[in-house]
Amino acid sequence: MRSHGCGDLRRDAVDQTVQLCGWVDRRRDHGGLIFLDLRDRSGTIQITVDPELAGNLRNETVLQVVGRVQLRPEESLNERLATGAVEVIASQLTVLNAIKKTLPFAVSVHDDGNVREELRLRHRYLDLRRERMARNLRLRHSTIRAARTFLEGEGFIEVETPILTRSTPEGARDYLVPSRVCGGEWFALPQSPQLFKQLLMVGGLERYYQVARCFRDEDLRADRQPEFTQLDIEVSFLEQEEILDLNERLIAAIWKTAKGIELPLPFPRLTWQEAMDRYGTDRPDTRYGLELVDVSDIATHSGFKVFSGAVAAGGAVKCIAIPGGNEALSNVRIKPGGDVFSEAQAAGAAGLAFIRVIEGVDPETSFDVGGNLVGINTIGAIKDGFTKAQMAELLERSGATPGTLLLFGAGDTATVNKALDRVRQYLARELGLVPAEASNEAWNFLWVVDFPMFGFNSEENRLEALHHPFCAPNPADLGSDPASWAAALPSARAQAYDLVLNGLELGGGSLRIHDSALQRQVLQTIGLPQEEAERQFGFLLEALDLGAPPHGGIAFGLDRMVMLLAGEESIRDTIAFPKTQQARCLLTQAPADVAAQQLRDLHVASTWSDAD
RNA sequence: GGGACUGUAGUUCAACCGGUUAGAGCACCGCCCUGUCACGGCGGAAGUUGCGGGUUCGAAUCCCGUCAGUCCCGCCA
């Protein structure tokens, strides 16, 4: 049916008779002569057709062409087309499938590429024919292939784990599947293969990976789909540092294959505490400065009640120093109603105090900062609330020089961090501090390590696992005596790590607990009653007692990784058939009604009514 | 669960403060054209302005509801 790909024809094919198959990308009808651009996945080639041969050749008609390859006339070469030196003189055209309806949108890249996403999803097969999606799916393929090739070389074995599994507590909502055979009982789709990959380690595989589909029934975002793909990895007998080393070499191999970029190794490491202190987030974007500076110790002694009160209540006062901020950011923008202020507010901050650092003129009202005389512009309450020495120390610590704008957050530490993190990211974009996509600084990898084991869930008034309840605590924080574990665990650090790229979490993992007593203690710490722990995780606890090796691993968000590699802003553009924000498939109209008999077979009755 | 934005011809967009016969490019249909490559020229068809209600002499435009899509907050161990 086909002898060549459309995009493969070059000068060396001249005089050959070829058979091509593909879609009509465009046609240019000159009356006595018709030019067709025929497109297949390899590219596009111009076909020259005698009108006698041509029937109805609308765009996207599926065509077989038999013809001879010919060098184009000198004046008709097309430099912009890979096949632009040649053309095929058609001797025979066969319409393999005609276009029988109006096209919902144009496929050819030459037409307006901006099509409503709703339409693209409803006719995804057409969208996949377009250059952008074709490129993204190939990039996804080469990303996965690079990972497989690398892991193969490191002795890993790819193992599939169940899609029908059991529901486990904590974490996201499960997608449930009723069991017909075991009436009244339910499977859950896996939120991740977490327990199975640990059991594979107990099973002696030592090195496992999987391109694993995961399911979480939570509300969606641009980078969240109800089903998504993790590159899931687990190893035995490796220390944390060895795991990090392995994984950054994996990432480097992927970036080399997919983008041709050599990433410098090792990636920087930052402790969770340092990340929170300096950036206010556990996934900092370190491509630009604007770091957070903690001035709580100075503020606590000041007469400015907003500051001293925040610290007295156990909170913090932190600031961001913005060099040149005085000129770049007007008072309107940083006061209530302004865009910068609104960013802080949106993150929960009550306000955003500021100090403008200026040239010092009058020694009376100026401050000696590292031998330089600087002055300030700010509200009276701040000016009056600080002693000269306090203000000088604050200015010195923030690194401010004349022209610098200082923005302050005060309140409970979590809110201050959240607000200033948001302001920092907003300002970096506004002030153009984020490096361009093409530059080397555009790929800023970073390991965040030493996460705490637990965070406090104030709604449920209990500790919860920050990562998941199978992370191993840092032995240095735990002590060797099991009797001390219960007291030491709540404040212990985990042997957990996240890989962060440009402020986005690309993956995360940990060493796992391989001691059943410690595992029981952790489950107890997060408030899971003993009987419940046995019922839910008995199989794991038993496995730990039957020769579980020390092990650990990681999982990368593959969709997100490909999204970043492709320069896309939504993971939907890296998935062949994604769902909408309402978790609906516009192509198949899923989810959909089922027959009443299907429900009866499954021992399920729906309580849904449209009035709900 | 909450907030914001969007919905006009097959499609991408326009239509200013409530008053037009709701326009334009591409696609589609017809005619012309042998070197174009986003070909060109002439002509044509194409609209329940997402849907339902309201305000008004008059609604694409204002208001309410609803559906769909997008972004965000909550949520996502």
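To find a chain, count down the sequence lines: A is the first, B the second, and so on, and within it residues start at 1. Values in this document were obtained by computation on a predicted structure and should not be read as measured data.
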(Q) When both hydrogen-bonding distances must be under 3.5 Å and the geometry is Watson-Crick or G-U wobble, what is B:U66 paired with, if anything? (A) B:G50
Q: Ignoring the backbone of A:Arg224, work out which of B:G74, B:A68, B:C37 is nearest its side chain.
A: B:G74
Q: With heavy atoms under 4.0 Å as the rule, sort A:Thr168 into base, sugar-phosphate or nothing.
A: nothing
Q: Please check if the side chain of A:Arg216 supplies one atom and the backbone of A:Gln191 the other of a donor-acceptor pair under 3.5 Å.
A: yes
Q: Tell me the partner of B:U61, counting only Watson-Crick (N1-N3 plus N6-O4 or O6-N4) or G-U wobble (N1-O2 and O6-N3) with both under 3.5 Å; none if nothing fits.
A: none
(Q) Taking only side-chain N and O atoms of A:Arg221, does any of them lie within less than 4.0 angstrom of OP1 or OP2 on B:C75? (A) no
**Q.** NZ/NE/NH1/NH2 to OD/OE distance under 4.0 Å, A:Glu60 and A:Arg39
**A.** yes
Q: Kindly point out which of B:U70, B:U11, B:G35 is positioned nearest to the side chain of A:Arg572?
A: B:U70
Q: Could you state the atom-to-atom distance from CZ of A:Arg216 to P of B:C75 in whole Å?
A: 15 Å
Q. Start at the 5' end of RNA chain B and walk down; is the nucleotide closest to A:Gly171 or to A:Asp219 reached first?
A. A:Asp219
Q: Would you tell me whether A:Asn136 and A:Glu568 have side-chain atoms, one donor and one acceptor, within less than 3.5 Å of each other?
A: yes
Q. What nucleotide, of B:G69, B:U11, B:C76, holds the atom closest to the side chain of A:Leu119?
A. B:U11
(Q) The side chain of A:Asn114 is closest to which nucleotide in this list: B:C13, B:G35, B:U36? (A) B:C13
Q) Does OP1 or OP2 of B:C39 have a side-chain N or O of A:Arg26 closer than 4.0 Å? A) yes
Q) Which nucleotide, B:G35, B:G1, B:U70, lies nearest any side-chain atom of A:Glu117? A) B:U70
Q: Inspect the contact between A:Arg132 and A:Asp127 and indicate whether a charged nitrogen and a carboxylate oxygen are less than 4.0 angstrom apart.
A: no
Q) Which nucleotide in the set B:G74, B:U36, B:G69 lies at the smallest distance from any side-chain heavy atom of A:Glu118? A) B:G69
**Q.** Donor-acceptor pair present, A:Arg27 side chain and B:C37 base, under 3.5 Å
**A.** no
Q. A:Ser510 and A:Arg512: side-chain donor and acceptor closer than 3.5 Å?
A. yes
**Q.** Nearest-angstrom distance from the residue atom CD1 of A:Ile89 to P of B:U34
**A.** 16 Å
Q.
Nearest whole Å is fine: how far is B:C31 P from A:His30 NE2?
A. 18 Å
Q.
Distance check needed: B:U11 P versus A:Arg120 CZ, whole Å only.
A. 15 Å
Q.
Under a 3.5 Å cut-off for both contacts, is B:C29 paired Watson-Crick or G-U wobble with anything, and if yes, with which nucleotide?
A. B:G43
Q: Hey, which sits more toward the 5' end of RNA chain B by its nearest nucleotide, A:Phe105 or A:Asp29?
A: A:Phe105
Q.
Applying a 4.0 Å non-hydrogen cut-off, can you work out what A:Gln581 is touching in the nucleic acid: base, sugar-phosphate, or nothing?
A. base
Q. So which of residues 37-49 of chain A are in contact with RNA chain B, with a heavy-atom cut-off of under 4.0 Å?
A. A:Gln46
